[in-house]
Amino acid sequence: MTASVRVRVPATVANLGPGFDALGAAVGMHLEIEIEPRRDSIEVMLEGEGADHLPTDDTNLVIKSMNAFFDHVARRPPGYAVRVKNPIPLASGLGSSAAATVGGLVAARSLTGRTVPQAEMVALATSMEGHPDNVMPALLGGLVVCYRGATNELQHFRLNVSERLVPILVVPRLGFPTEEARRVLPSAVPFEDAQFTASRAALLVGAMTSGAGSDILAEAMTDRLHEPHRLALMPETAAVHEELRAARLPVSLAGAGPSLLLIVPRPEAATRAEQVRRVCRERDAGWRVFVSEWESAGATEG
Ligand code: HSE
């Protein structure tokens, strides 16, 4: 068993608009986990988002995922004190569950000193969390394309986002459960909408990696597969989304929502953020706007 352990895991934005269940990117907002080995007791301390209501027993997502790792390697430490600092808004489309799941697994790996191949970590995290487009960038950083291979095994292709671009995260007062935002999706879509969205997803990967301008980004972040159905459930988000779209800003739902993501050229970031804040303020005082960065590192230890 090692000495103390520290792990940082980034928030992630899945889909990025047209990349439904396929694209995800890590951003510069980090869940932190610190663990001190103890002789025989377990203590869980929470700080930040959700600290006032999340459980501190083994139903806590970080602890659940640590336990899953301990079972996986058949090694369970006698005790520990774990402190989780979470700045990632919950149920908001910013990958808080993926960060907790990945964080718990990586922290448990560190604590036990067991070497587990990355592919196994990905499989463990995905089987627990269910959304590879959040889990992969949380673990690996960068912009990740997730897909299933011929025998349904999970594959990924990792890229770096251009330094010329900046993500802006726009978070409403209340979260929205992802399961509900999935339940509303149709079982089939018109061929034309599939073609429209495939072209935007391809354009988006090119635009994000090369650092395209706002016009291209605005076009590239348009989706017809899931956003129209989901925005219908989220009137607050839909209103802000519509207004930002009308102003020709590059905006999409963040993951399954209800937060929004803008991707803007770096020189425009401050002006755009102010413009977004104005739009949000007119509707509800509870919106938060974060000018963030891309995170290329993924989950880190030490
Ligand atoms: N791709 C998933 C969805 C992400 O849109 O439902 C969930 O965070």
Side-chain angles (χ1 to χ4, degrees), residues 9-27 29 31 49-50 61 65 86 88-105 122 125-148 152 154-158 167 169-172 174-189 193-194 197-198 200-202 204-205 208 220-234 237-238 241 251-261 263 292 295 298-299:
V9 191
T12 48
V13 182
N15 304 329
L16 306 166
F20 178 71
D21 277 1
L23 295 178
V27 294
M29 182 184 271
L31 177 90
E49 298 284 325
L61 206 44
S65 125
N86 179 34
I88 310 173
L90 306 181
S92 61
L94 299 178
S96 62
S97 318
T101 306
V102 166
L105 291 174
V122 167
T126 313
S127 70
M128 293 190 65
E129 211 274 338
H131 301 296
D133 48 347
N134 285 115
V135 162
M136 297 281 208
L139 201 52
L140 308 171
L143 166 65
V144 184
V145 184
C146 309
Y147 61 101
R148 298 251 168 212
N152 207 35
L154 204 50
Q155 305 279 1
H156 69 272
F157 190 78
R158 189 196 165 288
L169 311 171
V170 188
V171 185
L174 296 175
F176 194 94
T178 300
E179 312 82 67
E180 244 177 85
R182 281 192 89 84
R183 227 176 287 137
V184 72
L185 300 178
S187 54
V189 295
D193 289 348
T197 305
R200 270 40 179 203
L204 183 61
V205 172
M208 286 180 75
M221 291 178 81
T222 314
D223 165 80
R224 286 194 191 164
L225 293 189
H226 68 110
E227 289 196 355
H229 307 284
R230 288 173 160 175
L231 285 168
L233 300 175
M234 304 167 186
T237 297
H241 181 266
V251 61
S252 73
L253 270 186
S259 297
L260 294 169
L261 165 76
I263 304 180
S292 192
E295 173 57 89

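Ligands are counted one by one from 1 in listed order, and the atoms in each one are counted from 1 as well. All residue numbers refer to positions in the sequence shown, counting from 1. These figures come from a predicted structure and were not determined experimentally.
Nearest protein heavy-atom neighbour of atom 3 (C) of ligand 1: Arg182 NH1, 3.1 Å.
At least one donor-acceptor pair closer than 3.5 Å links the side chain of Asn15 to the backbone N or O of Gly255. Remark: side-chain polar atoms of Ser65 are paired, donor with acceptor, to backbone N or O of Thr101 under 3.5 angstrom.
Every atom of ligand 1 is numbered from 1 in the order shown, and the set under 4.0 Å from a heavy atom of Phe20 is 3 (C), 5 (O). Short contacts between ligand 1 and Asn15, defined as distances under 4.0 Å to a heavy atom of the residue, involve ligand atoms 1 (N), 3 (C), 5 (O). Interface atoms of ligand 1 facing Asp21, defined by a heavy-atom separation under 4.0 Å, are 1 (N), 2 (C), 3 (C). When each atom of ligand 1 is checked for a heavy atom of Arg230 under 4.0 Å away, the hits are 3 (C), 5 (O), 6 (O).
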Next on the checklist: Before you tell me yes or no, could you show the steps for Thr197 and Glu227 under side chain to side chain contact (heavy atoms under 4.5 Å, CB included), namely the whole-Å CA-CA distance, both residues' side-chain angles and the distance that decides it to 0.1 Å?
Outcome noted: CA-CA 11 Å; Thr197 305; Glu227 289 196 355; over 6 Å; no
Next on the checklist: Evaluate Arg148 against Asp21 for salt bridge (charged side-chain N to carboxylate O under 4.0 Å, His left out), listing each step before the verdict.
Outcome noted: CA-CA 11 Å; Arg148 298 251 168 212; Asp21 277 1; over 6 Å; no
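Once rounded to the nearest 0.5 Å, the distance linking CG of Leu61 with CG of Leu31 reads 9.5 Å.
The residue among Leu185, Thr178, Asn134 with a heavy atom at the shortest distance from atom 4 (C) of ligand 1 is Asn134.
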